[in-house]
Amino acid sequence: MHGLGNDFVVLDAREHPLPPMTAAAARALADRRTGIGCDQLVLLEPSDAPQAGHAFRMRIFNADGSEVEACGNAARAVALLHGEAVTIETRGGLIALEPLDGGARVDMGAPRFDWEAIPLAYAMDTAAMPVGWPMDQGELAQPMAVNVGNPHVIFFVDDADAAALETLGPVIEHDPLFPERVNVNIASLAGPDHLKLRVWERGAGLTRACGTGACATAVAGIRQGLVHSPVRVSLPGGDLVIAWTEGGSILMNGPAAESFRGSFDWDDFALGAEA
Ligand SMILES: N[C@H](CCC[C@H](N)C(=O)O)C(=O)O
């Protein structure tokens, strides 16, 4: 499945338990040459608290095998797969999915802004971080940080396409300022209440779209008064619409699609010795 070209292998283990997922198995499945290939592996499992009304749990593994808290594009894909409105568990908290024609609307929960929630390695104002990274045309400075279940750092620049994100992304992702690493968002104004966004994703690199990145960047833009809700966010793979007001939760609306569906015997997967 995919959301604007951010692609996933979705394993639906709600009825058929799988062996415990390991980072090595996730890496093997995500490998685009020796595995199936995806930006993230998405694993659906039964909820531990079915009585609480959370229908099931969505676990997300980046292509590097790291398990993470949130994935906006995958949430819309799972909404489409499930086929009816549902609240599900993620490591980043509960999210509400509502399938729509050709996509979904997702309540991603409320963003968090304090430095410990991002998390950062030490205290600072996350609305105007006194840090910068050198880049060809000067310095990429004064970012903002937002946690939308997962950590995001956001730079607003004149032209998002001009930033060398493929070189800056990994440098910032692995900077010790971010003890859990970080997703790197470079955005520019594309019109009234319209942002252009490119994302270097933690654990996956440059992707065609990042749903949580669009949420974090829209929230940062609204807080800075650069745009007003709802914000249209244009990513390389297409557009999302993000609505948020201070103190509320983030509503993300956009497309999702299923590329291929099949079933297989897990034991037939030759995941290689490492897995
Ligand atoms: N790379 C992200 C997870 C996937 C997020 C992205 N694919 C989305 O649609 O939100 C992280 O490590 O937090």
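Atoms within a ligand are numbered from 1 in the order they appear, just like the ligands themselves. What you see is a predicted model; the values in this text were computed from it and never measured.
- The contact shell of ligand 1, taken as protein residues with any non-hydrogen atom closer than 4.0 angstrom, comprises Asn6, Gln40, Asn62, Val68, Ala70, Cys71, Gly72, Asn73, Asn150, Asn183, Glu201, Arg202, Cys210, Gly211, Thr212.
- A salt bridge links Glu67 and Arg91; the closest N-O separation between the charged side-chain nitrogens and carboxylate oxygens is under 4.0 Å.
- Closest of all the heavy-atom pairs between Val131 and Pro143 is O-CD, 3.4 Å.
- Classification of Asp39 and Arg32 as a salt-bridged pair holds, one side-chain N sitting under 4.0 Å from a carboxylate O.
- To the nearest 0.5 Å, atoms CD (Glu258) and CZ (Phe8) are separated by 13.5 Å.
- Salt bridge annotation for Arg59-Glu89: absent, with no cationic side-chain nitrogen under 4.0 angstrom from a carboxylate oxygen.
- Between Asp64 and Arg27 there is no salt bridge, since no side-chain N of the basic residue sits under 4.0 Å from a carboxylate O of the acidic one.
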